[in-house]
Amino acid sequence: MSIMSMRERGQGFGTKVIIGLIIIAFAFFGLGSITTFLTPVARVASVNGADVTASEMEVAVERNRRILMNQGMTPESLDEDELRANVLQSLIKRKLLSQVVDELSLTASDVSLDQSLLQTEVFQVNGSFDSNQYRLMLASAGYDPVTYREELRLDEALGQLTEAIQGSSFMTDAEILRTTSLSRQTRDVTYITFNARDLEADLSIDPVSVQDFYDDNRDQYFTEEMIDVAYVQLAKSDLMNAVDVTPEALQAFYTDRIDLYTQEEQRRIAHVLIAVSEDQDRDTALAKILEIQSELAAGKAFSELAQSFSDDPGSAASGGDLGMAQRDIFVAPFETAVFELASEGEISPPVETEFGFHLIQLSELVPAAVTAFDVVADAVEKAYREEAVKDAYVASMSELDEMAFEDSDLQGISDQLGLEIVELTGQARSANTGIMSNATVKDAVFSPDLMIDGNNSAVIELNDGAAVVVRVTAYAESILKPFEDVTAEIEMTLRQIKATDLAQSLAAEVVEKLQAGEITRAVAEAYSVEWSVKTNMTRYQSDIPQALRTQAFALPKPTKNAKSIGIAALDDGDVAVVSVTNVRNPEDASIPGMENQAITQLLENQLGGLEFERFQSSLQILGDIQGQNF
């Protein structure tokens, strides 16, 4: 049930928007939607007879690409094939899970969705849900209210499925005690380390091997493709700074647009809902709402009655509070009643909607207020200047674009438009500062049209207030570095490889000697190394390299008066010989109760996650999936 109505209707597709990270994405609309009924819809996969369409795929790919770029990746570093394959697998998994949701008749109530929307921070302005912000954020991500609402409903239903599977996992007391004991296990460990860097000094490198390595790995020794770039930039801010401004003009601008500087009326509302459902017919619901109305008339607090009787679980606990009301969110009868309330504390008569009967209270009323000119003077001036140059900026961009096409360099543009020519030298494809951080600019300068043919680019808008025309003034292609230039680098690489191999060989010799029964101290002296001793080492001891800890706890428990020995490969090519002489497991009684509970919860959560992964895998194995190997 819902007290809201999404009044926009449209067609779409869905992938879950990660709340808190709604990003700019492309929306795919247009002629394709018109021809949908005339031609078959292209598909990229079929999941138990249900299609994953090409349009779903393309939008999901674009969204994921934007997410990755927002996290710091560059277009050049993205593996397009891997991206598309991962996205397709994600869409297939979601389709499979949605089919299970349908089979189990899992869903989310409209009231639950309404509360989620109202409480989502990215849809709020000054702490309250804002319908304009809501629509703006959805549009920027390629959604409309209808498609987003349905995706949200599916997400909540999938959450129910996930919780049901994960919540059904459990561990026996014996398993928990055993696992807890193992997690707190300690070991007495000794180890010696062969430092690869120390071994390098005594190693010689055969010149022939250097040449062979160069010949076998030529692809590692090519220079980066490099260019020199020149550009001119048209900035709206320069035009704005040249605008003449008078106090009279600003005051007139402010007066003409007073609605922009007016804080809209705000209404905080609460409600009691008595639902009409299979378990409660209309007459019964109406009788109940009238009874509650009588109790209100007798002086009972609205919030108390809402907590006790409201069928809206999302708001009942908070006394029926729905936050600040906005137009075009609630169903029509409800909205009409909300905006007919005139004073704080006023309560509506019973209002019937498709969900049942409501009593609505206006709990707070903040009248509309005009912000004084002095308070917004700076903003008014900025808006005035932007308005004044809007047409001129568009005209200048058009002129710039025309000249970029006609001129053979940037000098004529600079002279005629008064724009400075900026030069950047030694720019590689990996460059990511200044205008080179703009993907469109980078695509342009590394295109054959500019890089090979030497043309100017078309106008490229960096943002809504700046545009550039770029050209490549010099180009150095990627070439193989001469052997002489990389000889020292290759020698260093070979020396590191040889040192690591030597460390591994020495470690293996030590293990062989120890297993043959030689005395540990004598072995260490023979190799000019010392044993380090760690008693009661834990699995999580931060002052010990992780690889060494992993090996120490992977070795079998030694028999009495014996030791378990292994080798651990460490960072930087170092190699350690690890010896375990004693293993201790804590007694059950020594583990505090609260810690036991925390470990139990953690283990069951991990097991639940594994169970859900296995469930997903079984759906893929048993399902009829075509086209998943993208």
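Predicted model, so just to flag it, every value in this text is computed and none were measured.
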- Task: Apply the test side-chain contact (heavy atoms from CB on, under 4.5 Å) to residues Leu322 and Asp312: give CA-CA distance (whole Å), side-chain angles for both, the deciding distance (0.1 Å), then the verdict.
- Result: CA-CA 10 Å; Leu322 292 175; Asp312 178 1; 4.1 Å; yes

- Query: Where do Leu462 and Val441 land on the side-chain contact (heavy atoms from CB on, under 4.5 Å) test, with the steps shown first?
  - Reply: CA-CA 8 Å; Leu462 302 180; Val441 169; 3.8 Å; yes

- Task: Please step through side-chain contact (heavy atoms from CB on, under 4.5 Å) for the pair Val61 and Glu80, ending with a clear verdict.
- Result: CA-CA 9 Å; Val61 166; Glu80 185 70 17; 4.1 Å; yes

- Item | Audit row: Phe615, Val100, side-chain contact (heavy atoms from CB on, under 4.5 Å) steps and yes/no | CA-CA 11 Å; Phe615 174 71; Val100 174; 4.0 Å; yes

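For the atom pair Leu161 CG and Glu103 CD, the distance stands at 10.5 Å (nearest 0.5 Å). How far CD of Glu461 is from CG of Asn438: 10.5 Å, rounded to the nearest 0.5 Å. The distance from atom CG of Leu365 to atom CZ of Arg267, rounded to the nearest 0.5 Å, is 5.5 Å. Taking CG of Leu290 as the start and CG of Leu286 as the end, the distance is 4.5 Å to the nearest 0.5 Å. Between Glu156 atom CD and Leu113 atom CG the span is 5.0 Å, to the nearest 0.5 Å. One distance of note links CG of Leu97 with CG of Leu106; it measures 11.0 Å at 0.5 Å rounding.
Glu611 and Ser168 form no side-chain donor-acceptor contact under 3.5 Å, judged by distance and modelled atom types alone.
More than 12 heavy-atom neighbours from other residues, nucleotides or ligands sit within 6.0 angstrom of CZ on Phe339. Environment of CG in Asp256: crowded, with over 12 heavy atoms of neighbouring residues, nucleotides or ligands closer than 6.0 Å.
Val351 and Pro333 make their closest contact through CG1-O, 3.7 Å (heavy atoms, listed as atom of the first residue, atom of the second, distance). Between Ile360 and Ala337, the shortest heavy-atom contact is CD1-CB, 3.8 Å. The shortest heavy-atom contact between Ala275 and Ala285 is O-CB, 3.8 Å. The minimum heavy-atom distance between Thr53 and Val44, with the atom names listed, is O-CG2, 4.0 Å. When all heavy atoms are compared, the tightest approach of Arg539 to Leu182 is NE-O, 2.8 Å. Between Ala235 and Tyr393, the shortest heavy-atom distance links the atoms C-CE1, 4.3 Å.
Panel note: side chain Ser310, backbone Leu273; a donor-acceptor pair is recorded below 3.5 Å. When atom types are taken as modelled, the side chain of Ser90 and the backbone of Asn86 share no donor-acceptor pair closer than 3.5 angstrom. Listed for the Ser308 side chain is no donor-acceptor partner under 3.5 Å among the backbone atoms of Leu305. Formation of a donor-acceptor pair under 3.5 Å by the Arg385 side chain with backbone atoms of Met240 is found in this model. Of the possible donor and acceptor atoms, none in the side chain of Asp51 sits under 3.5 Å from a partner among the backbone N and O of Ser46.
The shortest distance between side-chain heavy atoms of Leu117 and Leu152 falls below 4.5 Å. Side-chain contact between Tyr384 and Val243: present, with at least one pair of heavy atoms (C-beta onward) separated by less than 4.5 Å. Two residues are said to be in side-chain contact when any heavy atoms from C-beta on lie closer than 4.5 Å; Glu151 and Arg94 meet this criterion. A 4.5 Å side-chain heavy-atom check between Lys95 and Ile625 finds every atom pair outside the cut-off. Side chains of Leu250 and Phe373 form a contact here, defined as non-hydrogen atoms less than 4.5 Å apart. Residues Phe334 and Ile269 meet the side-chain proximity criterion, which asks for heavy atoms closer than 4.5 Å. Residues Leu359 and Gln361 are not in side-chain contact: their nearest non-hydrogen atoms beyond the backbone lie 4.5 Å or more apart. The shortest distance between side-chain heavy atoms of Arg84 and Met57 falls below 4.5 Å.
In this view, Leu260 and Arg257 satisfy the side-chain contact (heavy atoms from CB on, under 4.5 Å) rule, not counting sequence neighbours.
Comment: Lys390 does not engage Glu386 in a salt bridge, judged by the lack of any side-chain N to carboxylate O separation of less than 4.0 angstrom.
Between His358 and His271, the ring planes are parallel. Angles under 30° get that label, and only those over 60° would be called perpendicular.
The side chain to side chain donor-acceptor pair (under 3.5 Å) pairs that include a residue from residues 338-351 number zero, where partners must be two or more places apart or lie in different chains. Identified under the side chain to side chain donor-acceptor pair (under 3.5 Å) test for residues 283-298, with sequence neighbours left out: Gln280-Lys288, Asp281-Thr284, Glu295-Lys300.
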